[in-house]
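Notes to accompany the following structure.
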Number of protein chains: 2
Amino acid sequence: MPRPPKEPSGGRPTRERILDVALDLFATEGFEKTSLREIAERMGFSKAALYYHFASKDDILLALHLRLHELGAAAFEDIDPDRVDPSAWRGLFDRLIDRMLEHRQLFILHARNHDALKRIAHEHPKGEHEDLEERVRRLLADPAVPAAQRVRLACAVGSVMAGMIAAGDFFTDIDTGLLAKLVRGAVGDLIDPVVRGDV
Amino acid sequence: MPRPPKEPSGGRPTRERILDVALDLFATEGFEKTSLREIAERMGFSKAALYYHFASKDDILLALHLRLHELGAAAFEDIDPDRVDPSAWRGLFDRLIDRMLEHRQLFILHARNHDALKRIAHEHPKGEHEDLEERVRRLLADPAVPAAQRVRLACAVGSVMAGMIAAGDFFTDIDTGLLAKLVRGAVGDLIDPVVRGDV
DNA sequence: GTCTATATTTCGATAGAC
DNA sequence: GTCTATCGAAATATAGAC
């Protein structure tokens with residue numbers, strides 16, 4: 001029989017609590033600069049104990065990458081990978097903004113440790129997931145797409161990122177719902193000419 | 001008498017060439033991940049020789065920080081620190097975009113290693129420079145400024161950053177002049193409602 | 001100005017007891 | 001599942017010869 005949890009952790013498994021701590025540290029200090037000693041100290045046990053739950057430091061980052069990947073897969077599974085036309089951009093960004101504000105830390109982790117994530121994703125050739133980021137990346141680099149559209153798309157992505165980062169640093173007094181509305185408005189102004197076909 | 005330079009380095013002093021190499025590495029791999037061994041290898045001499053030119057690794061980053069600071073001071077010395085009103089934003093961003101595209105690496109270095117730069121700037125209390133970034137930062141965090149203006153400003157900054165980062169990654173086929181024009185147009189659409197007083 | 005050699009620290013990771 | 005103890009590698013930095 002499954003024994004009930006004894007720790008005062010809300011029944012949250014130790015592995016998940018380690019990931020919570022690592023997410024916080026990786027997002028605020030960076031993956032390279034965060035040491036396992038630091039994670040272990042916050043968890044209240046020794047460095048070696050971490051290795052019972054994870055095979056390596058990279059393995060912790062990989063698990064966090066999976067959290068983000070599953071999130072993205074669930075949120076954008078109805079998008080046609082082969083045909084991302086501008087008319088779908090507005091709805092795409094509306095959902096993206098909500099998701100990103102809802103899971104700020106995960107996206108900040110991703111943006112901040114992009115190199116490390118790319119490295120371990122490259123060392124784990126399993127799945128070769130075709131996620132949203134890769135599609136946007138290809139769109140941005142495609143010389144066949146009008147330059148104006150590509151630049152506008154990059155600015156829109158940068159705007160969402162900036163809003164998300166600022167949310168925790170400068171916008172602590174702004175309600176999340178209002179922030180989402182304002183960012184949606186700004187992104188709308190950015191991609192309106194693209195959607196309307198003016199560029 | 002000042003002896004002529006013998007190295008095939010265009011007469012560029014060793015110290016400056018070290019900074020060039022360090023800038024490239026810090027911007028592409030990050031400050032923490034770049035080792036002095038890596039810099040020394042590219043320079044063609046040993047690790048210890050670096051310490052003849054710089055007192056520490058932090059000192060190298062500090063010198064690069066000064067490059068950026070002098071650049072910013074020269075470019076925005078005519079801005080009134082105490083009165084940054086929206087009507088000046090357009091001109092501010094126009095100059096900012098040109099400067100940033102012109103010195104891409106320096107700004108990428110700054111964005112990527114913001115924490116390390118803040119740390120060494122904090123350890124060097126000299127000057128307590130009041131630069132443009134600090135002013136924008138205060139504006140973004142000021143609850144007295146309308147939320148819509150703050151969010152639009154953050155999006156504009158994020159757009160410029162995105163355009164600059166993408167310039168080297170995805171926009172290699174886009175002429176710099178065209179890119180600057182397109183980013184100016186995008187930022188204009190973002191801050192137009194603010195400048196006109198619609199928000 | 002650059003070298004070799006080395007001191008010192010910190011890190012990720014492992015071994016084995018409990 | 002967690003511990004202590006330790007290994008090996010790599011990092012920053014220093015000492016002293018040339």
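Per chain, numbering begins at 1; letters A, B, ... match sequence-line order.
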Self-check item: S35(A) vs dC11(C): side-chain N/O to OP1/OP2 distance below 4.0 Å
Solution: yes
Practice problem: May I have the distance from H53(B) (atom NE2) to dG1(C) (atom P), rounded to whole angstrom? | Solution: 6 Å
Exercise. Round to a whole Å and report the spacing from NZ of K47(B) to P of dA13(D).
Key: 10 Å
Quiz item: Which whole-number value in Å describes the distance from K57(B) NZ to dT9(C) P?
Solution: 19 Å
Quiz item: Below 4.5 Å, heavy atoms only, C-beta onward: do D94(B) and V187(B) meet side chain to side chain?
Solution: no
Quiz item: For S87(B) and D85(B), does a side-chain donor sit closer than 3.5 Å to a side-chain acceptor?
Solution: yes
Quiz item: Are any of the side-chain nitrogens in R37(A) or E41(A) under 4.0 Å away from the carboxylate oxygens of its partner?
Solution: yes
Quiz item: Which nucleotide in the set dT2(C), dC3(D), dG12(C) lies at the smallest distance from any side-chain heavy atom of F45(B)?
Solution: dT2(C)
Practice problem: Rounded to the nearest angstrom, tell me the gap between atom CD in E32(B) and atom P in dT12(D). | Solution: 10 Å
Quiz item: Can you tell me how far P of dG1(C) sits from CZ of R17(B), to the nearest Å?
Solution: 11 Å
Self-check item: R37(B) CZ - dT6(C) P separation (whole Å)
Solution: 20 Å
Quiz item: At under 4.0 Å, does any side-chain N or O of Y51(A) touch on OP1 or OP2 of dA13(C)?
Solution: yes
Practice problem: Would you kindly give the CZ-to-P distance between F31(B) and dA11(D), to the nearest whole Å? | Solution: 13 Å
Exercise. Please report, rounded to the nearest Å, how far the C1' atom of dC11(C) is from the CD atom of E29(A).
Key: 15 Å
Practice problem: Please work out if Y52(A) contacts a base, only the sugar-phosphate, or nothing of the nucleic acid, heavy-atom cut-off 4.0 Å. | Solution: base
Quiz item: Does a side-chain N or O from S46(B) land closer than 4.0 Å to OP1 or OP2 of dC3(C), or not?
Solution: yes
Exercise. Answer yes or no: is there a side-chain heavy-atom contact under 4.5 Å between F107(A) and L71(A)?
Key: yes
Self-check item: A48(B) side-chain proximity, nearest of dT14(D), dA13(C), dT12(D)
Solution: dT14(D)
